[in-house]
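Quick notes on the structure that follows.
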Amino acid sequence: MNWVRWRHRLEYLAFRAVECIVLMLSPARGRELAEALAFVLHRVLPHRLTRYDIAQENLRQALGPLVSEEVLDETIRRMWVHLFRVIIEVIQLPRKVRSENCLNYVEYGSGRKACWRAFNSGRPVILVSGHFGNWEVANTAFGLFGYPMGVVARDLDNPYLQAWFKRFREHTGHRLFSKGGASSQMLPQLAQRGHVALLCDQDAGPRGLFVDFFGKPASTFKSIALVALEYRALICVGGAIRLPDNFQRNNSIGPAWSTFQLICEEVIDPETIDSDDPVGEITRRYTAALERLIRRAPEQYFWVHRRWKSIPQQRSAARKAA
């Protein structure tokens, strides 16, 4: 037990040392560091350690069988660059982006009016996204815009790192809800017409609802649809897409930082669903909206997750019989 506690402390100490270095980096140097780390992960380490084969298989499913190996490889490389930049931006975010300068780094994209109407409708809103773009920037922006939410996330094993991320995610007025017991916190929030934010792109296991994701059935959480129907909650599917870099100096705000575009791909109103299977229809619609969002910038999606790990029971039974 003592060793585990000391290991957690050492991990946290190492993280804080890295944090100090990252906080001193300029935007251009941060991008260069991300490029270098991505090179090591992509070209130096064995592919079995980086789940390269999983990413390659997932991308081939998403981009089609005719996509070249060169395109797949370059997309995976850019994915790692993007993810390392996300880590750097998360560390720098509280010091860089504040209410008075938020719009210098975050701009509105498509779906702005529909999203604004949803958050000002007097009804609860479930903000749904995936491991796409910089999801932490999206959460931060909504907090700075005056829309605090309950942010659902998995607890980290290291309690010291968990405390750091709790402070980070709550610094703009949000509340962090543990994924393990989210319903006990999320449902009262929705009942009081509050808002929640969560990521919906993980495999939901064999008991999930199988809907097409990039043309292949994927086990998907149906709880979002069930909760939306019960609490009349609007579902907003969106994210923050990284824009091309422009690190030229702006005298009004100093050296420029990363910039993002907030996209609301679709707003789903459960009260307008005309279907014999409203749970299935809502789940299909928010999954399809997430797919459209990812197609805008596939290199900004986390392809190493085994999204199609679970298979429908009928196919599973057929495999066993064979």
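The chain is numbered in sequence order, starting from 1.
Judged as a side chain to side chain donor-acceptor pair (under 3.5 Å), the pairs with a partner in residues 111-120 (not counting sequence neighbours) are, in order, Asn120-Tyr147. Legend: side chain to side chain donor-acceptor pair (under 3.5 Å) pairs involving residues 276-290, not counting sequence neighbours, sorted by first then second residue: Glu266-Arg285.
The side chain to side chain contact (heavy atoms under 4.5 Å, CB included) test applied to Val40 returns Val44, Leu45, not counting sequence neighbours. Contacts of Arg98 classified as salt bridge (charged side-chain N to carboxylate O under 4.0 Å, His left out), with partners at least two apart in sequence or in another chain: Glu100.
Under the 3.5 Å distance criterion, with hydrogens and angles disregarded, a donor-acceptor pair is assigned to the side chains of Gln92 and Trp257. Side-chain contact check for Gln202 and His131: at least one donor-acceptor pair (N or O, by modelled atom type) lies under 3.5 Å.
Under 4.0 Å is where a charged nitrogen must lie from a carboxylate oxygen, and between Asp155 and Lys166 no such pair does. Salt-bridge check for Asp203 with Arg306: failed, with every basic side-chain N at 4.0 Å or more from each acidic carboxylate O. Asp269 has a carboxylate O that lies under 4.0 Å from a charged side-chain N of Arg123, or vice versa, which qualifies the two as a salt bridge. In summary, Glu57 and Arg307 do not engage in a salt bridge, as defined by a charged side-chain N under 4.0 Å from a carboxylate O.
Taking every heavy atom of both residues into account, Ala289 and Glu265 meet most closely at O-CG, 3.3 Å. Summarising the geometry of Ser275 relative to Pro278, their closest heavy-atom pair is O-CD, 3.6 Å, with the distance given to 0.1 Å. Heavy atoms only, all atoms of each residue included: Ile268 and Ile282 are closest at CD1-O, 4.2 Å. Nearest heavy-atom pair across Tyr160 and Asn158 is N-OD1, 2.9 Å.
Remark: side-chain polar atoms of Asn58 are paired, donor with acceptor, to backbone N or O of Trp303 under 3.5 angstrom. Within the 3.5 Å criterion, the main-chain N or O of Arg169 finds no donor-acceptor partner in the side chain of His174. Side chain of Asn134 to backbone of Val137: a donor-acceptor contact under 3.5 angstrom is found.
Trp164 and Phe15 have perpendicular rings, their planes meeting at more than 60° on a 0 to 90° scale where under 30° would count as parallel.
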Run the side-chain donor-acceptor check on residues 70-80: report pairs under 3.5 Å with partners two or more places apart or on a different chain.
from  : atom 1 : to    : atom 2 : distance (Å)
Asp73 : OD1    : His42 : NE2    : 3.1
Asp73 : OD1    : Tyr52 : OH     : 2.7
Asp73 : OD2    : His42 : NE2    : 3.3
Asp73 : OD2    : Arg43 : NH1    : 3.4
Asp73 : OD2    : Arg43 : NH2    : 2.7
Glu74 : OE1    : Arg77 : NE     : 3.1
Glu74 : OE2    : Arg77 : NE     : 3.4
Glu74 : OE2    : Arg77 : NH2    : 2.9
Thr75 : OG1    : Val71 : O      : 2.7
Arg77 : NH1    : Glu35 : OE1    : 3.1

Distance-only donor-acceptor hits, side chain of residues 224-244, under 3.5 Å, sequence neighbours excluded:
from   : atom 1 : to     : atom 2 : distance (Å)
Arg232 : NE     : Glu271 : OE2    : 2.4
Arg242 : NE     : His82  : ND1    : 3.3
Arg242 : NH1    : Glu89  : OE1    : 3.3
Arg242 : NH1    : Glu89  : OE2    : 2.3
Arg242 : NH2    : His82  : ND1    : 3.1
Arg242 : NH2    : Glu89  : OE1    : 3.2

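In this structure, Phe145 has its ring center no closer than 6.0 Å to that of Phe119.
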